[in-house]
Amino acid sequence: MAIVVPGVTLSFCDLTMPVIGMGTSSSPPVAPETMKTAIIEAIKAGYRHFDTAFAYRTEQPLGEAIAEALHLGLIKSRDELFVTSKLWSSFAEKDLVVPAIKMSLRNLQLDYIDLYLIHWPLKLSQEVRQMPVIREHIFPLDIKSVWEGMEECKNLGLAKAIGVSNFSCKKLEELLSTAKIPPAVNQVEMNPLWQQKKLREFCKARDIHVSAFSPLGANNTKWGDNRILDCHVLEEIAKAKGKTTAQISLRWLYEQGVSSIAKSFNKERMKRNLDIFDWSLTEEESNKISQLPQRKGITFASILGPHDLVLELDAETLDEY
């Protein structure tokens with residue numbers, strides 16, 4: 001029987017988002033048919049939140065999987081699903097935001113996206129085809145004007161909620177100083193080894209929900225590693241509770257009031273990653289996790305190259321820790 005995932009009510013939009021979503025970013029990329037099959041299996045397991053992005057090239061297989069799930073009767077209506085997608089940095093200009101979401105909607109075969117996020121707090125040239133990039137192709141993000149484009153997406157009904165990803169407290173402050181509609185979500189790297197306490201406090205005080213990508217350390221990707229799954233403290237807690245280290249990490253995030261975007265193409269692991277709601281961590285276990293040494297796993301410089309603007313963004317995040 002499929003697990004029912006609880007939801008969190010997002011501010012500024014009256015929308016409920018399932019607290020665990022399935023991620024569709026893969027490095028190296030998987031074949032579209034493999035992605036589509038995995039999404040259908042995830043729907044069978046109980047996943048109702050799917051996280052994609054133009055840059056992942058997974059909007060199309062997600063759209064096809066949703067159409068097939070409807071055809072198979074796995075869901076009765078598209079409204080049962082929560083779909084997150086993201087504005088890619090090459091379209092981070094006010095006049096390109098609405099055309100960009102319309103392109104994503106065509107890829108997804110949908111009339112609206114539940115949550116549309118600014119993917120990165122910078123702008124890239126439309127000439128960018130691969131990473132790392134040359135310095136001449138990176139620009140500061142005009143947060144005020146791009147956010148106006150995001151607000152237009154919401155006002156037109158193309159997105160039910162709007163938010164950001166990879167934003168520091170400093171970038172959020174800049175956005176909030178001019179936003180008519182505040183961001184509902186900030187999706188950032190977060191897990192027991194990168195706990196983002198200051199950012200979480202900042203967002204909580206402003207009713208911005210924090211969502212975690214790489215909750216399990218993004219193992220088996222170019223940018224991730226196995227430090228969560230092989231963490232001795234998490235392994236000990238998992239062993240004592242008869243759980244997996246992945247479940248301990250996801251449960252810890254849930255107990256912090258944070259939602260998670262977890263990716264697995266393995267049917268059994270998919271189910272286990274949802275099986276975190278009928279047990280809890282003890283105070284002692286939570287304290288042990290809170291004392292783990294901290295290290296950010298993913299930096300902009302590791303993806304884009306060590307350019308001045310990029311290093312500034314990384315420094316903002318590290319300075320706030």
Exercise for the section: Check whether M22 and V8 end up in the same hydrophobic cluster, where Ile, Leu, Val, Met, Phe, Trp and Tyr are linked by side-chain heavy atoms less than 4.5 Å apart. Expected result: yes
Exercise for the section: Could you tell me whether R251 and E255 make a salt bridge, using a distance below 4.0 angstrom between a side-chain N and a carboxylate O? Expected result: yes
Practice task
Kindly determine whether H119 and S89 satisfy side chain to side chain donor-acceptor pair (under 3.5 Å), including the steps that lead there.
Solution key: CA-CA 7 Å; H119 202 144; S89 303; over 6 Å; no
Problem - Backbone N/O of I181 and side chain of W147: donor-acceptor pair under 3.5 Å - result: yes
Handout entry: Evaluation steps, side chain to side chain donor-acceptor pair (under 3.5 Å), between E189 and S214
Key = CA-CA 6 Å; E189 179 189 0; S214 298; 5.5 Å; no
Handout entry: E235 with K239: basic N within carboxylate O range, under 4.0 Å
Key = no
Problem - Joint hydrophobic cluster, L108 plus I261, side-chain heavy atoms closer than 4.5 Å - result: no
Exercise for the section: Examine I303 and F54 and state if one hydrophobic cluster contains both, with Ile, Leu, Val, Met, Phe, Trp and Tyr joined whenever side-chain heavy atoms are less than 4.5 Å apart. Expected result: yes
Practice task
Please lay out, stage by stage, how K144 and E148 fare under the test salt bridge (charged side-chain N to carboxylate O under 4.0 Å, His left out).
Solution key: CA-CA 6 Å; K144 181 178 184 292; E148 285 168 1; 2.9 Å; yes
Handout entry: Minimum side-chain heavy-atom gap L74-K44 below 4.5 Å
Key = yes
Exercise for the section: Indicate, with yes or no, if Y56 and L304 share a hydrophobic cluster defined by side-chain heavy-atom contacts under 4.5 Å among Ile, Leu, Val, Met, Phe, Trp and Tyr. Expected result: no
Problem - Any W252 side-chain heavy atom under 4.5 Å of Q195 side chain - result: yes
Problem - Beyond-backbone contact of S168 with K171, side-chain heavy atoms, under 4.5 angstrom - result: yes
Exercise for the section: Kindly indicate, with the supporting measurements, whether the criterion salt bridge (charged side-chain N to carboxylate O under 4.0 Å, His left out) is fulfilled by D14 and K160. Expected result: CA-CA 9 Å; D14 294 326; K160 290 199 169 183; over 6 Å; no
Problem - Between S11 and H209: side-chain donor-acceptor atoms closer than 3.5 Å - result: no
Problem - Pairwise side-chain contact, L281 with I237, heavy-atom cut-off 4.5 Å (strictly under) - result: yes
Handout entry: F167 side chain near E173 side chain, heavy-atom distance below 4.5 Å
Key = no
Practice task
Mark yes when over 12 heavy atoms from residues, nucleotides or ligands other than K241 sit less than 6.0 Å from its NZ; otherwise mark no.
Solution key: yes
Practice task
May I ask you to test the F82-V5 pair for a side-chain heavy-atom distance under 4.5 Å?
Solution key: no
Problem - Side-chain donor-acceptor contact under 3.5 Å, S259 with S211 - result: yes
Problem - Pair D308 + R135, salt bridge at N-O below 4.0 Å - result: yes
Exercise for the section: Could you check if a side-chain atom of L62 sits within less than 4.5 angstrom of a side-chain atom of N107, using non-hydrogen atoms only? Expected result: no
Practice task
List for me each residue that meets side-chain contact (heavy atoms from CB on, under 4.5 Å) alongside V4, sequence neighbours excluded, and say none if there are none.
Solution key: none
